[in-house]
Structure formats: structure tokens, C-alpha cells
Amino acid sequence: MAFSSSSYPQELTFPEGFGWGAATAAYQVEGGWDADGKGPNVWDTFTHQGGDRVFRNQTADVACGSYTLWEEDLKCIKQLGLTHYRFSLSWSRLLPDGTTGFINQKGNCFLKIEGIDYYNKMIDDLLANGVIPIITLYHFDLPQHLEDQGGWKSGAIVEVFDAYAQFCFGTFGDRVKLWLTINEPNTLALLGYEVGIFAPGISNSGTGAYQTAHNMIKAHAKAWHSYDSLFRKKQNGQVSIALFSPWIAPANPTSVADQEAAKRVMALSLDLFAKPIFIDGDYPAVLKSHVAAMSKKQGYPSSRLPEFTEEEKRMIKGSADFFAVQYYTARLAKHQENAEGELDILKDIDVKLFIDPSWQVSQQGSWVRVVPWGIRKVLEYIKDTYNNPVIYITENGFPQGDPAPLDDTQRWEYFRQTLQELYKAIHIDKVNLQIYCVWSLLDNFEWSDGFSSRFGLYHIDFENPCRPRVPYKSAMEYAKVIRNNGIKGPL
Ligand code: GAL
């Protein structure tokens with residue numbers, strides 16, 4: 001099928017059974033940061049240290065209050081008519097020091113019961129209302145105790161993560177069938193350990209991202225194998241990892257050097273994780289050669305990009321049951337050696353990144369430029385590069401500034417354009433997309449931007465102790481899309 005935008009069908013009906021979801025993450029919505037014996041995580045520590053690392057030194061100690069207001073979240077989920085709800089488990093709420101050793105020693109530990117009951121109720125309530133839970137085991141909130149022992153920089157975390165994953169599969173897997181091990185390891189490796197603007201705030205430029213990415217990939221793969229060998233037969237679920245992917249276009253579309261530069265950025269941002277997991281257990285060759293050459297030039301004894309052993313490669317290869325991708329925006333890439341002011345890992349691949357000034361700004365100052373067509377490009381890229389996998393979009397959204405108008409007609413327009421692109425991806429490009437999740441159900445704690453950046457379908461007044469949830473216009477429009485399984489009426 002081929003149609004131009006002017007000859008668009010009036011109704012965009014998605015495939016039968018298409019999944020319509022929304023997502024949140026524990027630290028961003030729950031609050032209850034020390035309730036009922038929850039252990040501290042790296043974001044508790046990071047925000048409590050102040051120092052302007054977060055907008056107005058805000059914390060998520062209370063956030064949306066979802067730890068006590070789950071029933072209110074459920075009302076929103078039901079009002080939207082979601083088929084899927086994606087949320088994450090707070091690791092240190094379940095295992096206060098991050099390890100299962102603690103729980104096992106104190107078999108009927110009170111702390112354990114509190115955390116488990118909270119998530120049990122969420123899962124049971126969702127299922128009772130016909131909503132399928134998608135659970136992320138870990139969404140940026142590493143237990144502080146584990147960070148104190150080296151966090152993702154230490155290879156020891158691989159076993160610890162696997163034990164936590166097994167604990168979760170064993171506890172919730174009788175009802176939960178869709179799992180994501182790690183949320184955006186690529187974002188976390190970069191912002192948490194390379195640049196240091198996310199917790200734990202480490203800036204090991206040139207080594208931090210590669211070193212932690214390496215351990216995250218191994219941790220994910222090990223957990224996938226545990227599911228595969230110990231739980232899959234009985235539970236019959238699926239496990240993957242949620243990867244952030246921008247779309248990277250060449251700054252000059254006719255320049256071969258820029259085209260290659262754009263490909264290298266896709267390799268660095270997405271394929272660094274996806275190629276080992278979905279193809280062959282190893283990093284993209286273009287990255288291996290670039291980082292090795294630059295490391296040599298800088299006098300390192302070996303490449304700053306670590307190597308997997310043959311055994312690790314075998315473990316990593318094929319360790320995902322579907323492709324989970326999170327898209328927000330696009331960038332332009334230009335071939336440039338040693339680009340001034342660029343990140344070291346981009347210098348490794350001779351690239352300078354730009355924003356096209358014609359791309360609309362969603363929220364003033366935000367990193368998210370409105371580029372809905374980029375999502376179709378990313379989907380096509382995944383289809384072509386990764387053998388046409390089943391794809392779930394586990395996050396996509398647009399922020400508004402604070403105060404945000406409840407009538408967010410303009411933002412809904414961005415969502416509507418995005419849905420058109422998804423429709424084209426499915427019907428023209430034949431991409432096997434099966435689930436789409438909006439980020440986010442609620443306005444929430446947007447990491448370094450605190451509460452100043454609002455991604456929710458529901459507005460929250462963070463000054464009001466009751467944290468009322470009020471639908472934006474986008475929520476009502478999304479509910480219509482879900483009811484109609486697509487867009488009805490004039491585009
Ligand atoms: C993602 C992240 C979410 C959310 C979103 C919007 O990278 O997984 O937690 O913050 O970005 O910025």
C-alpha cells in the first residue's frame with residue numbers, strides 16, 4: 001500500500017489485538033521512599049545530597065504518592081481503558097540492601113512482606129480489570145548498598161541482579177508474563193556513569209559508559225537464561241530489555257561521510273546493546289575498531305571498550321524474546337574528528353551531533369524535539385537490522401512545562417502524528433509492532449528536571465497533599481484511540 005499524506009485513509013485501524021499501554025517507574029511515582037523498611041536507592045541518595053543536581057533540589061520522597069494512592073492510579077488506567085500497564089519494581093523496597101541473602105536469612109521478614117504485598121495488589125488489581133502488567137525489574141533505582149560495592153562498575157553485580165530477577169520471577173511470575181530486565185541501560189550507562197548527571201552521579205568520561213554497559217548486558221543475559229531454564233516452562237512468559245533509541249539522520253543527507261557518521265551513532269546508542277543480545281553476542285565491529293584505535297592513540301594498554309569472552313558471547317546471543325524500544329526524539333550527525341565540546345564517546349566515533357532548528361520544541365529547553373517521523377525510521381531500522389522481530393514500544397511521549405494546561409491540544413497533535421507514523425510502519429513497512437505505551441500515565445519526577453517537566457496523561461498538583469489525578473485532553477483522546485483501536489474521523 002502506498003499513500004501520500006493527502007490521500008490518507010480517514011480511519012486508521014490498528015491490527016486486532018494491538019496493545020495500548022502507558023508506563024511509569026517506581027522512583028518517579030511511588031514516593032514512600034523509606035516506608036515500611038524500604039532501603040535507600042541511588043536516587044534517594046542523589047536527591048538528598050542537594051547541590052542543584054536536580055531542578056530546585058527536588059526529591060521524589062513523595063512524588064505522585066502511588067505507594068499509598070495505587071487505587072487512584074488504577075482509576076486512571078481504567079478510565080483510559082489501557083490493555084497494558086508498564087511499571088517497575090523498586091528493588092530496595094523488595095530487598096532493602098539489594099541482596100536476596102537478607103531475605104532468605106529472615107524467612108518471614110516483615111520488610112519483605114510489605115514490598116511484596118504492594119506489588120501483589122497492583123498485579124492482582126490489573127488482572128482483575130483485564131489489564132496486562134508489563135514489569136520492569138530495574139528502572140534506574142539501584143539499591144544504595146549495591147552502589148556502595150561498586151554498582152554497575154563491578155562485575156559482581158551480574159550475579160546479584162540475577163538473584164533479584166529470580167526472586168521476582170518466582171514471586172510474581174505466576175501472574176506476570178511480560179518482563180523487562182533493565183530500563184534503558186544505554187541512558188543509564190551514559191548519564192549515570194559517563195556524564196554523571198543521573199544517579200549515582202559518576203563522571204568517568206571515556207570509560208564509564210562502556211564499563212557499565214558491559215556489566216548490564218551480562219546481567220540482563222544471565223537473568224534471561226534463569227527465566228528460560230527455571231521459569232519459562234511453568235510460567236510461559238517473555239523477557240526482554242528496554243532500549244532507548246533516538247533516530248539519527250545525517251546532517252547533510254547527500255554526504256557519504258555524514259551518512260556513515262549517523263550509522264555510527266545508531267551503533268553507539270542502540271546496537272551496542274541490541275547487536276550482542278539479538279544477533280551474535282558481540283559489539284558492532286565499527287565501534288570495536290574506532291574505540292580501540294582511539295584508546296591506542298590515547299596511550300591505553302587496551303581498548304576502553306571491554307571484550308566479551310566466547311562463553312559470554314554464547315550466553316548473550318539470543319537473550320531476548322521481543323524487541324522493546326523507547327523513542328522520544330531525533331538528532332543529526334556530522335562526521336567530525338575530535339569535535340570540540342562533544343562527549344568523549346562521540347569523539348571515539350568522530351561525530352558531532354546537532355538539532356535541526358526546524359524541529360518543534362515540545363517544552364522550552366527540553367531535550368525532546370518533536371520528530372514523529374523518526375519513530376517510523378527507528379522501527380524500520382530495527383526490522384531491517386534485527387530480522388523483523390516482534391516490537392513493543394515501551395515508552396514514547398512529549399513533555400510540557402510547568403504549569404501545564406489541561407487543554408494540551410498541541411501535545412495531542414504530536415501524539416496523533418506519532419500514531420500515523422506507527423500506522424505507516426505497520427501497514428506500509430510491515431513492521432511487527434504489537435504494543436505501544438505512552439510515557440507516562442502520570443506527571444511524575446522527571447529525574448534531573450524534577451517536577452518541571454510533565455510527561456503525564458494525567459496532571460498532578462505536587463503541592464496538594466492528596467495529589468489529585470486530573471486528565472489532560474490527551475488522556476481523553478488516547479482513551480478514544482484505545483476504544484476505537486486506532487483513529488476514527490477526520491485526520
Ligand atoms: C526515559 C526514561 C523515563 C522517563 C522518560 C522521559 O528515558 O526511561 O524514566 O524519564 O525518559 O524523559
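Remember, it's a predicted structure, so these values are computed and weren't measured experimentally. Just so you know, ligand 1 is whichever comes first in the structure, and atom 1 is the first atom listed for that ligand.
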To the closest 0.5 Å, what do you measure between CD (Gln326) and CG (Asn183)?
4.5 Å
Side chains of Tyr119 and Trp70 in contact at under 4.5 Å (non-hydrogen atoms)
no
Could you go through the side-chain hydrogen bond (donor to acceptor under 3.5 Å, both in side chains) check for Asp36 and Tyr67 one step at a time?
CA-CA 11 Å; Asp36 305 323; Tyr67 184 60; 2.6 Å; yes
Could you check, using the six-membered ring where one of them is a Trp, whether Tyr27 and Trp33 have ring centers closer than 6.0 angstrom?
no
Proximal protein residues to ligand 1, non-hydrogen atoms under 4.0 angstrom
Gln28, His139, Asn183, Glu184, Gln326, Tyr328, Trp367, Glu395, Trp439, Glu446, Trp447, Phe455
Would you say the rings of Trp447 and Trp43 are close, in the sense that their centroids are separated by under 6.0 Å?
yes
Side chain to side chain contact (heavy atoms under 4.5 Å, CB included) involving Thr45 - partner list, sequence neighbours excluded
Gln49, Gln144
